[in-house]
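This report refers to the structure that appears directly beneath it.
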Amino acid sequence: MFSRDETVNAVLRFYQTVIRHPYLNNSTLIVPPVNGWTTINIEGENETVLDLLCHLPYLRSENAFEELIIHWESIPVCYLDNQDRLLSNPLPAHCIYLARAESYLGTSLILDTNEGTITEFYHTGSHITVPYEEYEALPEAEKWKAHRTRPTTELLDNWTQRYEKLVWMLVPNPIRQPVTGRFYSRAVSSAEEELLVQQGQLEPWHVQDDSSSNDNREESEDDREQHKRERKRKHVVDIYNIYLCHGWPVHADWSIRAV
């Protein structure tokens, strides 16, 4: 069941959590006036969708040429900036993109106001709900319908918890292209994400550094790949521990220096 107010509040909670990460300024989050935004008029959408868009909060980049992210290569859509023109696949009049994929590796979030659900459209074809052969036979514009779908508030609250518990983390991208942020996850699977969300107090994370244990022997291709994965894992560990050093989750002060 769709509820405009519940949807707006769930999006707001999610964005408020995202901007606590050391990636976006508080001013990035813009909220509508009491009577809603008055400049949004998207062709092809029904009245329910337009009403929702006029009351949603948005994440808005200070630089019109830079792209924000809320997940791996997933860009939040700000309908105040006519970003609907960037959306390649048209949707039914009762559906909208909350986020669009920056590349085929990204995830689009498609909200259905008839059902009160969000579909996670993984452009790589993962998390599909039909056999792969059936999925491949679908027209491109219909493939999103075969992906995992959940109630709107359930999905957004789930994503909010992942950022609150530092299962997912966002940090600035120094080169700011193709997107301004970098996404990291402490988990390697959805099952591990669920376990981490259920953890109590966040504790420092320690991993053994084996990078120098085999310095004297020639590495195989498999060894190099394994060491590459270990270095990336160690980087995620360092980012997570820096969050804790700065006081997360009670009071994250990004002006102090981590030790």
Side-chain angles (χ1 to χ4, degrees), residues 1-19 29 31-32 40 42 44-59 67-80 83-84 86-130 135 138 140-165 167-168 170 183 185 187 190-191 193-194 197:
M1 181 68 68
F2 171 75
S3 164
R4 187 198 74 183
D5 291 344
E6 288 182 3
T7 300
V8 167
N9 289 334
V11 172
L12 181 60
R13 288 193 300 271
F14 175 60
Y15 285 168
Q16 286 173 330
T17 301
V18 166
I19 65 170
L29 174 59
V31 296
I40 295 177
I42 311 299
E45 303 292 356
N46 67 19
E47 290 300 318
T48 301
V49 166
L50 289 175
D51 181 58
L52 173 63
L53 296 181
C54 289
H55 290 86
L56 279 177
Y58 294 105
L59 295 179
E67 302 281 18
L68 310 177
I69 62 168
I70 55 173
H71 195 265
W72 178 262
E73 299 199 14
S74 295
I75 299 169
V77 179
C78 178
Y79 286 91
L80 291 172
Q83 288 189 5
D84 56 296
L86 303 174
L87 305 174
S88 55
N89 292 329
L91 297 173
H94 59 274
C95 296
I96 57 164
Y97 286 93
L98 286 183
R100 63 179 177 86
E102 195 278 330
S103 75
Y104 77 96
L105 295 173
T107 303
S108 295
L109 296 182
I110 299 174
L111 188 150
D112 184 331
T113 59
N114 279 359
E115 302 297 329
T117 59
I118 291 179
T119 297
E120 298 170 88
F121 181 16
Y122 292 88
H123 293 255
T124 56
S126 57
H127 298 292
I128 58 177
T129 58
V130 298
Y135 177 76
L138 290 171
E140 285 299 319
E142 298 292 318
K143 285 188 173 179
W144 68 272
K145 297 179 181 179
H147 284 253
R148 181 171 63 189
T149 298
R150 288 186 280 176
T152 297
T153 55
E154 177 185 312
L155 181 139
L156 290 172
D157 288 347
N158 185 282
W159 280 36
T160 299
Q161 290 175 342
R162 277 155 172 68
Y163 280 114
E164 288 176 340
K165 288 299 189 77
V167 179
W168 295 347
L170 292 169
F183 171 86
S185 175
S190 298
E193 286 181 359
E194 291 296 337
V197 166

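Predicted model only: the values in this text are computed from it and were never measured. Throughout, numbering of the chain's residues begins at 1 and tracks the sequence.
Formation of a donor-acceptor pair under 3.5 Å by the Y122 side chain with backbone atoms of R148 is not found in this model. Using modelled atom types, no side-chain atom of T119 and backbone atom of F121 make a donor-acceptor pair closer than 3.5 Å. A donor-acceptor pair under 3.5 Å is absent between the side-chain atoms of T17 and the main chain of Y15, judged by distance alone.
The aromatic rings of F183 and W168 lie perpendicular to each other, with more than 60° between the two planes, well past the 30° mark.
Side-chain contact between L59 and I19 is present, with heavy atoms from C-beta onward closer than 4.5 Å. At least one side-chain heavy atom of I96 sits less than 4.5 Å from a side-chain heavy atom of E45. Side-chain atoms of F2 and N114, non-hydrogen and from C-beta on, never get closer than 4.5 Å to each other. For the pair L170 and Y163, the minimum side-chain heavy-atom distance is below 4.5 Å. A heavy-atom distance below 4.5 Å is not found between the side chains of E102 and I69. Looking only at side-chain heavy atoms (C-beta outward), L56 and L98 come within less than 4.5 Å of each other. With contacts defined as side-chain heavy-atom distances shorter than 4.5 Å, the pair I75/L68 does not qualify. Between S74 and L109 the shortest side-chain heavy-atom distance does not fall below 4.5 Å.
Put simply, CH2 on W159 and CD on E193 are 10.0 Å apart, with the number rounded to the nearest 0.5 Å. In this structure, CG on L50 lies 7.5 Å from CD1 on I42, to the nearest 0.5 angstrom. Between the CG atom in L12 and the CG atom in L156 there is a gap of 11.0 Å [rounded to 0.5 Å]. In this structure, NZ in K143 is found 7.0 Å from CG in L138, a value given to the nearest 0.5 Å. Put simply, CD1 on I118 and SG on C95 are 11.0 Å apart, with the number rounded to the nearest 0.5 Å. Separating the OG1 atom in T149 from the CG atom in L155 is a distance of 9.5 Å, to the nearest 0.5 Å.
Of all non-hydrogen atoms in E6 and T153, the two that sit nearest each other are O-CG2, 3.8 Å. Scanning all heavy atoms of the two residues, the minimum distance from S3 to T7 falls at O-OG1, 2.8 Å. Contact between T113 and L111 at its shortest, heavy atoms only, is CG2-CD2, 3.5 Å. Nearest heavy-atom pair, L105 versus W72, reported as atom, atom and distance to 0.1 Å: O-CD1, 3.4 Å. Closest approach of G106 and A101 over heavy atoms only: C-CB, 3.6 Å. The shortest non-hydrogen separation linking Y135 to A146 is CD1-CB, 3.8 Å.
Here the options are R150, H71, H127, H147, the test is side-chain hydrogen bond (donor to acceptor under 3.5 Å, both in side chains), and the partner is E120; only R150 passes.
A donor and an acceptor atom, one from each side chain of N9 and R13, are nowhere located under 3.5 Å apart.
Looking at E73 and R100, no side-chain N of the basic residue comes within less than 4.0 Å of a carboxylate O on the acidic one, giving no salt bridge.
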